Structures are given as structure tokens and as C-alpha cells.
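Following: one structure in C-alpha cells, then a few remarks.
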There are 2 protein chains.
Amino acid sequence: MPHAAAATPQLLRRVNAQAVLRHIRGVDVATGSELMALTGLTRASVIAVCEDLISRGWIVEVDQPRTDPDNPRKGRPARRFAFNREAGVVLGLDIGAATTTAAVADLRGTVIGRSSESFRAEDIPAQERISVIDLVCRQALEAAGTGPGRVLAVGAGIAAPVDRDGNVLVTQRFWSLFDVGLRSALKDLHGWTVLLENDANLAALGERWRGSGAGVDDLVVLLAGERLGAGVMESGRLLHGRGGAAGEMGFLDMVEGVGSSDGIAALARRWSAADGGPSAGGPASAPRVFEDAAAGDTAALAILDRMSERMARVIASIASLINPEQVVIGGAVAESAGALLPGITAALPRFTATPPRVTVSPLGDAIVTVGAVRHALDYVEANALDLAPAG
Amino acid sequence: MPHAAAATPQLLRRVNAQAVLRHIRGVDVATGSELMALTGLTRASVIAVCEDLISRGWIVEVDQPRTDPDNPRKGRPARRFAFNREAGVVLGLDIGAATTTAAVADLRGTVIGRSSESFRAEDIPAQERISVIDLVCRQALEAAGTGPGRVLAVGAGIAAPVDRDGNVLVTQRFWSLFDVGLRSALKDLHGWTVLLENDANLAALGERWRGSGAGVDDLVVLLAGERLGAGVMESGRLLHGRGGAAGEMGFLDMVEGVGSSDGIAALARRWSAADGGPSAGGPASAPRVFEDAAAGDTAALAILDRMSERMARVIASIASLINPEQVVIGGAVAESAGALLPGITAALPRFTATPPRVTVSPLGDAIVTVGAVRHALDYVEANALDLAPAG
DNA sequence: TTATTTTAGATACAAGCTAAATATATTGCC
DNA sequence: GGCAATATATTTAGCTTGTATCTAAAATAA
């Protein structure tokens, strides 16, 4: 029996409750009349919906604001309904090869606790890795003054392909074992729902939420540190592809003037070493190269030129096939990468007929955790009426 | 006032009617009990919905089938509701630079009329172009034994970027003028709703519907005749990008071993000319090259090898960034391209870590019109309850 | 105090669905 | 042909959610 969800009268309440909740979440506090105007429902219905949401814990009724002499309101004072941002928290995880960072946020996305730990080594057993991740989560929750019982969802980013259903591509070495462990481990330990995603995809979510891609529906975020990786949003949705490998940059091996999917930091080291170093004497770190260039060092400036053209070619390849409105360069090197922007922007039209706007992420290291928080919030918002707010 | 669609009790009927109609469209004829099992609704509701759909003209009640002695059915005979595939027709247009083809289909997608005309020249004025298109439509409708009044929607494919809203990228030369003309012209002439799309995108719709990509959600169709162009579906949705230019192949200019976005037919001519021709004596058409190769001609075979590797590189580039499950080669050269498949499949793993299945389209020249019909049907199905079937 | 304004709450009713009882049309058996 | 069994159809009462309308309450302004 296929049983394709029949629409019963209860669906109406569900739909209207979702609409009201979404609006209240957006404005933080609303009156019945505002909600009537928004939804087109009558007052009776709006009030009924709000009482419903109050009893479920998603909104609370707040006192009248003290009467404001500058802006006196006629008429009977309205009841005021506020989004209960303390109905629970979400966790955003950035699980790297070397380090894991956790951020705890309330339901409006304000980060209220953080923690970070490095792994003892890269090849530690899955069990130890999970222990460290669990530790980071608990530390972050403690820093936020809350506990595991109040977590409504966990977003987690890893540097491996993850498909639409949150499964790690099995062809990847140790991650596959690790993944299965993480989701069920956190479920078993705390009852948490873990939403696994590729880190570049989460970066795209984060950038669109609180970065330079705010509100852009066709957005690509390039994580450009050690290795290039792209998170692609089209029409406001993340692209995954069949096995979650969308946004992988292996094809750059074949692109003239690019030749590899090495990131900006990796290349800065290599190229400065080849030059004998910007101030001579071996490879320099990426920040050093950018510093030297800012100071006028010609060798460093040449590296920047070369890097700009290379990035322009990378971005043009993506722009041609995906046609984003904007490409954001993010990751560890994002701040320095600002120096590349003029060069990239100038070179782009040579390589593509549809050059996107190019910007640099303001989110820094937090880009993945911000996206992970957003991912978890999206889940909570979409499933609010099926989730029991933690009391 | 934002007025975000309130859910009234009428919405329930709408949702349930959509579900019932979708199911009946799939199975062609259904009984009340089947629909109860499918939707989970009670018989009373199912019957009410069906009566509704009958009065709107979307379904019809059909007589009992003559009692079948091999399979006698106990109990009171069920009323049988059938999809009214003759509630109207849709038009699918393939508007090329040189030729326009129209297909008329009933609401189950069976093509019941076709027509095709060439333009007098490529640079004729927009007005003349529209006249020819209109003529082709009317001829196809006549061939189908129906008339303009019964057209519920028109899908139209053109070889230019078209954004999500059906607007042609304004940077394109004469198309922009042409487009505005086409949509409003057909609206004015016949009251038709025209859904403009990029031809490769429609090819992808067609291939997923009735081609070798049936049911594949992450699918790329490469139109590979004169110029390469891709229609990309991810998670069952067409990718457009900001200005509709997603799937453009300009970046191939930068890809080693590819170098241009020339199609198979164009390259077969050029390469055979460079060789002095497969049987000597100047350039040969693509079909000729494939023929000669099949006959064992070594020069032609060499061209095929070269072509296979080149296509493998093209497909690998896309596979890396988009990660489709399958890539279909379509367009005028599709039939001959079968000879390239073994070579492409063998070469792919050298160029990408996520090689897709590669096939050749069985739809031949009709690939765009089939997709255009599907596009129009999608529109009709999504908007059935707001559309008045043509009586 | 009194009028005005805005929101709140209560009552009557409509749309759509469920559930349960009753009616109808067919098969199969005597 | 008559009757049980079976599957479907139809009717009736009741639930949920919504609208529409009327009256009450709480504030400002004169």
C-alpha cells in the first residue's frame, strides 16, 4: 500500500502553524493583528494557532512593553507573541582531519558556546575520534550553560563527499567507517539527530546566511586553503549529485593554467619556495606571501598575479557550467585572498561569458560551523511541529 | 501586506484532488477502493473528489469492462474513473536557427500530430520567424485533428540560455527580441501559455521521461551535434543558474585535450578533412566517418579513438563538478555516437574519480520536442486545478 | 466622563474529513 | 430462481478547522 499522505483537517492547522511560527521567528515578536495581515487568517484562527504553539513550547506570550510616550498606541493593547529562542539549542560541528570545533547556538542562531580540540594523530581509531568529538560537544554545551538534553539537532561538516541522505561516499577510505560510527554514536550517547554534510556545502549555507552571499540563490563557495573544494547552491538548494561528490574539483587537473586542485595556501608555499622565497630562504607561509606583497615585494607580487589568474580560471570553469550569481572565496586563507580580488575580477571576462561577482568570506575559520548551525536550524525549522522542544 | 496564502478547508480538497488526479493519470483507470488505499482517505471523500474532478473535466467515469470469465470479480462492481486524456492537448516546439518542429500530444504524452518547416534564411525578421512558427503549430494541430482552442500549454526549446522564469538572457543578440515576440505573440494570437526553455534542458527532460535516462534523478544530457551543450538535472530538477546559462560549455576552451565546445559532427568534418578524408578527397560528414570506421577504415577508426577520448574528457569535467549518475549523448549524431561508447567508458576512469554511466539517446531528432511536450505536461499537471480543460 | 480606536472573545455557520450504519449489485451455490 | 457472501455505494451523525459577525474590554484623546 503506497499510502500517499492524505490531507486531513489537521493538515490545515499544521500549515498555518508553520506559517505563523516562521513569521514570528523572523520578527521575534508579533501581535495577533500582524499575523492576521500576514496569513490572511481571521483573528480567531490566529489566536488558536498561537495558543497551540505556546502549548508546544515554540512561542511565548510576552508582557506589554511599557507605554512609550513618543509613540502612543490607541486601542486595546495587543497580546504579544514572541519566538521562544530558548526552546532548545543546536550544535554545529566542523570535523577536520586534525581538529574538531563545536558551536552551540540558540534557535535564532546566536552562538552561545564554543569549544575545539585537536586529535592526537590523524590515524587514530574511529572510537577515539568519536570520543574527542563527544568531548568537544559537551564542552561547548557547558560553555553555553546548557546540557545535552536540550540539543534539538546537530549539523556536522566533514571534508568528504556526503550524499543527500547524509551518507558518506563509501569509496572514501576511513571516513565511511567513521561516519557510521558518528551518527549512531551520538544517537546512542545523547539521542541526537546528526545531519552530516560536506564541509564546503555547509560553508555555502553559512555564507548565504551570514556571509557575503546573503540572500543570493545561485551561490558557489570555494574553500581555497590547502585543497580547493566547492559548495554549490542553485536556486537556493545545495547540489549533491548522485553520490554527494558535486563540487569536487578533480577536473582542474585538466584545466590549462590550473593543473591541480591545490589551494591557495599550498600553492603560496610551493611557488615562494620555487622563487627562492619572497625574502629568499625557502618556502613562506601564505600569510607571509600576502604580507610581503602588500609591502611591495616584487616576487610576492608576481605570485599574487599568477594566483589571481589561476583563480580566475578556476572560477570561470565553474561559472560556465553552473552560472552562479556570486562566488565566495572562503576558508583559512579568506582574509588574505582579498588581495587577489582585483586581479581575479579583471581576468574573469577573458575566461567566461558569464562572469559572477567574486567576493571573500567575512566568516573566517567559523565558516563551516556557521553553516553547520544553519543546517541544523533548517532541520529544526522544517520539523518544528514534530519535534518536542526540550523543556 | 505580504499575505502568505492561508490554509483554508478548501486547500484540503485541492491537495486530495491533486493526489487522486496524479494517481489516475499514472494508472489510466482506477476504482474508488484503489484510491482509498492510495490516499488513505475514506470512500466518501474519494468519491467526492472524483465527482469534483469529473465536473472539472479532468477525469471521466467509464463503463464496467465486460465481465471476464477468467477472472470473475465478486461483489458489487466498482465505479471506474479514467483519466481524460482528451481534456486538451499540449504543444512541444523545437525552434532551431534553421528549422522549427512542432509536436502535438494528448495529456498522456502520446504524440498525435507533427509538423516541421524551415526558415527562408537565418537572418529573417522576428515577425516572419513568428509567422513560420505559428504556421508549424497550426499544421501540427490540424494533423492531430484538433484546434488551437484545445491547447493547454506550449513548451518551446531554443538554443540560447533561458532563465528559470522563461526569460532569454538579454546579452544574446537577436534572441532577446525574438523571445519577447514569441511569448506575447502566441498569447495574443491564440491565448496560449508558452513555456520557454533551453533546448538542452528540454532534452534532459525528454531523456528522463522516455529516453535512456528514465527515472534517473541526477542526469546530464549532452547535445553533441554541431556544438556541445548540456542539460543538467540534479535531484530531478533542472539547473538554470542565475541567467539560465548553466550547462554552457565555454570552459572547454581551457580543458586540455578538448580545447573547444565543438560538437561531434563539426569535429568529424574537420578531422577527416585534415586527414585528407577517410577515403581521401576532402571532409566527410559525421555519418560517413562512422560508416567508414565500421567498415574498418583505419583513418576513420583513429578519428573515433580521438573523439572518444575527447568526449571522455568532456564528460569527466562535468562528472567531477556535478556528479551525475548518468550522462546521455543526444542530438543529431546520437545514433552514430554509439560507436564511441566503449572508448568513452574505458577512458573515463582516467579523468574522474566519479565516472557516470554513459549512454546514447534513443530519441534521435525528436529529443527536444519530446522534452518540450514533457515540459508542457509538467505545467499542465502542476496547474491542473487552475486550468479549464478545453471542452 | 465620554467618544474613538484597537484588540479580545463568543456565537453561529460552512467546508471537508471520518466513522458507522444501511443499501445495492454482482458472484457462487443450492 | 432463491439465498448467502462479497465488494462497493450511499447516507447520516460528528469532528476539526476555518470564516463571519456581534459584543466586550482596554487603551488614548478630548
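Reminder, nothing fancy here: chain letters follow the sequence lines and each chain counts from 1. Keep in mind that what you see is a predicted model, and the values were worked out from it rather than measured.
A 4.5 Å side-chain heavy-atom check between B:Leu53 and B:Leu385 finds at least one atom pair inside the cut-off.
Every residue two or more places apart in sequence or in another chain that forms a side-chain contact (heavy atoms from CB on, under 4.5 Å) with A:Ala103 is listed here: A:Val111, A:Arg114, A:Thr369, A:Val373. With sequence neighbours left out, B:Asn16 forms a side-chain hydrogen bond (donor to acceptor under 3.5 Å, both in side chains) with no residue at all. B:His190 meets the ring-ring contact (aromatic ring centres under 6.0 Å, His included) test with B:Trp192; sequence neighbours excluded. When the salt bridge (charged side-chain N to carboxylate O under 4.0 Å, His left out) test is applied to B:Glu234, the partners found at least two apart in sequence or on another chain are A:Arg164. Residues forming a side-chain hydrogen bond (donor to acceptor under 3.5 Å, both in side chains) with B:Asp163 (at least two apart in sequence, or on another chain): none. B:Arg80 is linked by a side-chain contact (heavy atoms from CB on, under 4.5 Å) to B:Val29, B:Thr31, B:Val62, B:Gln64, B:Pro65, counting only residues two or more places apart in sequence or in another chain. A search for side-chain hydrogen bond (donor to acceptor under 3.5 Å, both in side chains) contacts involving A:Arg237 returns nothing, not counting sequence neighbours. Residues satisfying the side-chain hydrogen bond (donor to acceptor under 3.5 Å, both in side chains) criterion with A:Thr8, sequence neighbours excluded, are A:Gln10. With sequence neighbours excluded, the residues satisfying side-chain contact (heavy atoms from CB on, under 4.5 Å) with B:Arg43 are B:Ser33, B:Met36, B:Ile47.
Here C:dA15 presents its C1' atom at 16 Å from CZ of A:Arg13, a figure rounded to the nearest Å. Computed from coordinates, the B:Met36 CE to D:dA7 P distance equals 13 Å when rounded to whole Å. Distance A:Ile47 CD1 to D:dT17 P: 16 Å, rounded to the nearest Å. Note: CZ (B:Arg80) to P (C:dT26) measures 14 Å, nearest angstrom. To the nearest angstrom, C1' of C:dA10 lies 14 Å from CD of A:Glu51. Atom P of nucleotide C:dC17 and atom CZ of B:Arg14 are separated by 14 Å, given to the nearest angstrom. Atom CG of B:Leu11 is separated from atom P of D:dT19 by 12 Å (rounded to the nearest Å). In this structure, B:Lys74 places its NZ atom 15 Å from C1' of D:dT8, rounding to the nearest Å.
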Please list, pair by pair, any protein nitrogen or oxygen found under 3.5 Å from a nitrogen or oxygen in nucleotides 18-21 of chain C.
residue : atom : partner : partner atom : Å
C:dT18  : OP2  : B:Thr42 : N            : 3.1
C:dT18  : OP2  : B:Thr42 : OG1          : 2.7
C:dT18  : OP2  : B:Ser45 : OG           : 2.7

Between the protein and nucleotides 23-26 of chain D, which nitrogen or oxygen pairs come in under 3.5 angstrom?
residue : atom : partner : partner atom : Å
D:dA25  : O4'  : A:Arg76 : NH1          : 3.3
D:dA26  : N3   : A:Arg76 : N            : 3.3

Every protein N/O lying under 3.5 Å from an N/O of nucleotides 2-4 of chain D:
none

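Atom CZ of B:Arg374 has more than 12 neighbouring heavy atoms from other residues, nucleotides or ligands inside a 6.0 Å radius.
The phosphate of C:dG16 has neither OP1 nor OP2 within less than 4.0 Å of any side-chain N or O from B:Asn16.
When the nucleotides D:dT16, C:dA8, D:dT10 are ranked by their closest atom to the side chain of B:Arg79, D:dT10 comes out on top.
The nearest heavy atom of DNA chain D to B:Thr31 and to A:Val49 marks one nucleotide each, and the one closer to the 5' end goes with B:Thr31.
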